[in-house]
K.L.:
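The structure follows.
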Amino acid sequence: MTAEERLPRFPEGFLWGTATAAYQIEGAVTADGRGPSIWDAFCAEPGRVKNGDTGAVACDHYHRWPEDVALMAGLGVNAYRFSVAWPRIQPAGRGRANPKGLDFYERLVDALTERGIAPALTLYHWDLPQALQDGGGWMNRDTAHRFADYAALVADRLGDRVAVWITLNEPFVHMTEGYGLGTHAPGQALLLDALPAAHHLLLGHGLAVPVLRERVSGQVAITNNYSPVRAAGGSAGDRAAADALDALQNRLFTDPLLLGAYPDLSAFGIGPGLPFVRDGDLRVISAPPDRLGVNYYSPTMVAAPGAGSRAGGGPSVLSEVGERLESAALPFEDVPIEGCPVTAFGWPVVPDGLRELLLYLRDRYGDALPPILITENGCSQRDEAGRPDRERIEFLDGHLRAVHRAMEAGVDVRGYFVWSLLDNFEWAEGYDQRFGLVHVDFATRERTPKASYHWFREQLRAQRDRS
Ligand code: PNW
């Protein structure tokens with residue numbers, strides 16, 4: 001590797017990791033007493049997931065985890081973000097813990113720790129126990145209390161040895177795709193009426209925070225996805241459109257958390273009063289976290305509604321909400337970002353959008369912003385078996401340089417996790433979209449490191465050599 005290819009030096013103690021999620025890699029959906037989740041049910045409905053794919057076997061990580069830990073040790077990461085499957089711990093979403101479920105994660109955590117890899121544990125990456133969905137899922141306020149109970153069970157077992165506790169993964173995507181559009185489990189298409197799910201997710205986070213604080217030695221965090229919003233032009237209408245989308249997409253799950261108040265959603269005909277918010281809820285939700293997890297894939301561009309043709313198809317999941325609502329009902333319309341490469345998903349590759357996002361967060365939240373962990377960033381491709389994944393290397397290289405520039409500008413970033421360690425079950429896309437540093441043959445489950453794995457290993461080695 002030449003000096004030019006080497007990434008700039010990141011600070012001592014920076015967390016370098018990869019990320020995964022339980023339903024996307026584990027398989028073994030009936031092993032050791034695991035109960036059904038909303039994703040098992042969703043995958044069983046014809047037409048929901050591309051090619052009829054399911055996570056029933058996935059990467060079979062539940063049985064092959066020692067190999068996956070060895071792959072990470074070979075890579076040289078010092079951290080790993082994974083999620084716990086709630087239905088392994090509470091098969092019906094409530095009541096006593098299933099000890100075999102906890103045993104699995106305890107073995108994983110201990111194996112990671114032995115290899116010098118700090119565990120970053122996500123409690124909820126979208127796999128709600130189906131029994132709770134039968135009672136309304138996140139549309140039901142009670143689910144927030146059930147989540148705090150579940151958090152206690154995991155923390156009671158693992159509280160002394162997990163470095164980072166992430167309560168929720170991307171509640172925005174879960175609410176929008178799961179409850180707003182129905183493109184993810186549980187498959188409800190409530191459009192903007194899905195908003196109570198947002199509040200109950202945040203409340204679940206807030207209720208879990210003191211439960212974790214009592215039980216864990218590590219840091220408490222939440223992971224949100226963000227997409228910086230650009231206005232297509234300089235008109236007041238375009239700027240208002242960008243602001244409206246920004247409120248829903250970026251601030252809905254962060255203002256209550258860090259500022260203790262919901263953003264103004266009047267452009268969507270919502271509020272000012274939110275009937276599902278009770279006195280005291282925002283105090284619970286705004287207990288300061290130790291870290292903010294940031295997932296970034298691409299920026300969004302919008303124009304005033306009716307300014308041009310409704311383009312859609314961009315990375316904004318909300319453009320699809322708009323397509324299904326009366327056309328006048330959304331205060332913006334998507335404009336494709338052109339002149340840059342796109343991933344196999346069609347998402348524009350804009351590394352500087354990550355720097356822009358980090359500065360935006362610092363400017364908006366100021367002293368209320370905790371240190372940041374980039375908990376996901378990565379690039380999808382279709383099957384690239386045997387072909388070096390140059391696009392992924394360029395993607396990661398560009399985004400890591402953008403993180404470094406943001407840090408030079410004073411943003412406090414403490415770690416970066418590549419999405420993902422392995423090719424895996426990419427939700428509604430099934431096995432068609434691959435994000436892994438390691439190729440998985442889904443006929444044999446054989447793992448083969450890609451060129452990007454070797455590239456990342458060399459970068460990590462170079463960081464260590466210079467420290
Ligand atoms: C994330 N968007 O989801 C999830 O946390 C991962 O589980 C997933 O595999 C990964 O990103 C890649 O998709 C997202 O539409 C889903 O902007 C949708 C969007 C962003 C992230």
Side-chain angles (χ1 to χ4, degrees), residues 18-26 37 39 42 49-50 53 55 58-59 61 81-85 120 122-127 166-181 183-185 201 221-229 245-246 248-250 252-253 293-302 312-323 334 336-337 342-350 353-354 357 373-382 392 395-396 399 417-437 440:
T18 61
T20 63
Y23 191 72
Q24 295 182 271
I25 64 166
E26 286 179 358
S37 82
W39 272 95
F42 188 76
V49 176
K50 202 165 188 170
D53 289 342
C59 307
H61 170 79
R81 173 176 181 240
F82 63 96
S83 82
V84 171
T122 306
L123 282 164
Y124 185 70
H125 200 123
W126 308 346
D127 44 357
I166 299 163
T167 54
L168 306 178
N169 177 68
E170 298 190 353
F172 173 78
V173 171
H174 193 43
M175 170 196 73
T176 314
E177 299 220 37
Y179 292 87
L181 291 165
T183 45
H184 281 183
L201 280 157
I222 180 171
T223 283
N224 281 320
N225 60 297
Y226 297 94
S227 177
V229 183
L245 177 58
D246 187 46
L248 194 57
Q249 180 171 267
N250 294 317
L252 175 61
F253 285 93
V294 168
N295 292 355
Y296 170 78
Y297 289 91
S298 53
T300 316
M301 191 153 75
V302 291
S316 155
V317 292
L318 287 165
S319 64
E320 216 181 308
V321 178
E323 282 161 26
D334 256 37
I337 293 174
V342 293
T343 70
F345 240 127
W347 296 352
V349 178
V350 187
L354 180 49
L357 166 65
L373 294 172
I374 310 293
T375 40
E376 284 181 29
N377 178 233
C379 169
S380 73
Q381 296 188 328
R382 296 228 158 69
R392 182 168 291 107
F395 183 101
L396 298 172
H399 285 78
F417 296 74
V418 177
W419 184 269
S420 176
L421 174 65
L422 303 171
D423 290 341
N424 60 45
F425 176 75
E426 179 48 39
W427 308 115
E429 298 296 317
Y431 296 98
D432 194 43
Q433 298 285 343
R434 294 168 175 266
F435 279 89
L437 297 177
V440 177

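Note that ligands are numbered from 1 as they come in the structure, with each ligand's atoms numbered from 1 the same way. In this text, all values refer to a predicted model and were calculated from it rather than measured experimentally.
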K.L.:
Can you tell me which portion of Asn169 lies within the under-4.0 Å heavy-atom range of ligand 1? Options are side chain, backbone, both, or neither.
P.N.:
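Just the side chain.
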K.L.:
Short N/O distance, under 3.5 Å, between Trp126 and ligand 1?
P.N.:
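No - when backbone and side-chain N and O of Trp126 are compared with those of ligand 1, no distance drops under 3.5 Å.
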K.L.:
For the 3.5 Å polar cut-off, considering only N or O atoms, please tell me whether Trp347 and ligand 1 meet it.
P.N.:
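No, since none of the N or O atoms of Trp347 sits under 3.5 Å from an N or O of ligand 1.
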K.L.:
Can you list the residues that meet the salt bridge (Lys or Arg N to Asp or Glu O under 4.0 Å) rule with Glu170, with sequence neighbours excluded?
P.N.:
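Here no residue qualifies.
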K.L.:
Identify, by atom number and element, the atoms of ligand 1 in contact range of His125, meaning under 4.0 Å from any of its heavy atoms.
P.N.:
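Here the atoms of ligand 1 in question are 4 (C), 5 (O), 6 (C), 7 (O).
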K.L.:
If the threshold is 4.0 Å, N to carboxylate O, is there a salt bridge linking Glu376 and Arg81?
P.N.:
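Salt bridge: yes.
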K.L.:
Are side-chain heavy atoms of Val229 and Met301 found at a separation under 4.5 Å?
P.N.:
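When only atoms from C-beta onward are counted, Met301 and Val229 do not touch, as no gap falls below 4.5 Å.
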K.L.:
Any donor and acceptor pair, going by atom type alone, linking the side chain of Thr122 with main-chain N or O of Tyr124 inside 3.5 Å?
P.N.:
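Checking the backbone N and O of Tyr124 against the side chain of Thr122, no donor-acceptor pair under 3.5 Å is found.
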K.L.:
How close do Leu422 and Ile25 get, counting heavy atoms only, and between which atoms?
P.N.:
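Distance-wise, the nearest heavy atoms are CD1-CG2, 4.4 Å.
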K.L.:
Please check if the distance between the ring centroids of His61 and Phe82 is under 6.0 Å.
P.N.:
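Not under 6.0 Å, so no.
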K.L.:
Can you name the residues that form a salt bridge (Lys or Arg N to Asp or Glu O under 4.0 Å) with Asp127, not counting sequence neighbours?
P.N.:
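Partners of Asp127 by the salt bridge (Lys or Arg N to Asp or Glu O under 4.0 Å) criterion come out as none, since no residue qualifies.
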K.L.:
May I ask whether Glu177 places a heavy atom under 4.0 Å from ligand 1?
P.N.:
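Glu177 counts as a contact of ligand 1 under the 4.0 Å cut-off.
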K.L.:
By number and element, which atoms of ligand 1 are closer than 4.0 Å to a non-hydrogen atom of Trp427?
P.N.:
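Those of ligand 1 that fall under 4.0 Å from Trp427 are 6 (C), 7 (O), 8 (C), 9 (O).
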K.L.:
Do any N/O atoms on His184 end up under 3.5 angstrom from N/O atoms on ligand 1?
P.N.:
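No.
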K.L.:
Checking side-chain contact (heavy atoms from CB on, under 4.5 Å) for the pair Asn424/Trp419: CA distance, chi angles, key distance, verdict?
P.N.:
CA-CA 10 Å; Asn424 60 45; Trp419 184 269; 3.9 Å; yes
K.L.:
Give a yes/no verdict on whether any heavy atom in Gln433 is under 4.0 Å from an atom of ligand 1.
P.N.:
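Per 4.0 Å heavy-atom rule, Gln433 does not contact ligand 1.
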K.L.:
What are the atoms of ligand 1, with element, lying closer than 4.0 Å to any heavy atom of Glu426?
P.N.:
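The atoms of ligand 1 under 4.0 Å from a heavy atom of Glu426 are 8 (C), 9 (O), 12 (C), 13 (O).
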K.L.:
Heavy atom to atom 10 (C) of ligand 1, shortest distance: which of Phe172, Tyr297, Tyr226, Phe345 holds it?
P.N.:
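Selected option, by shortest heavy-atom distance: Tyr297.
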K.L.:
Is there a polar contact between ligand 1 and Asn225, counting only N or O atoms under 3.5 Å apart?
P.N.:
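Checking ligand 1 against Asn225, no N or O pair falls under 3.5 Å apart.
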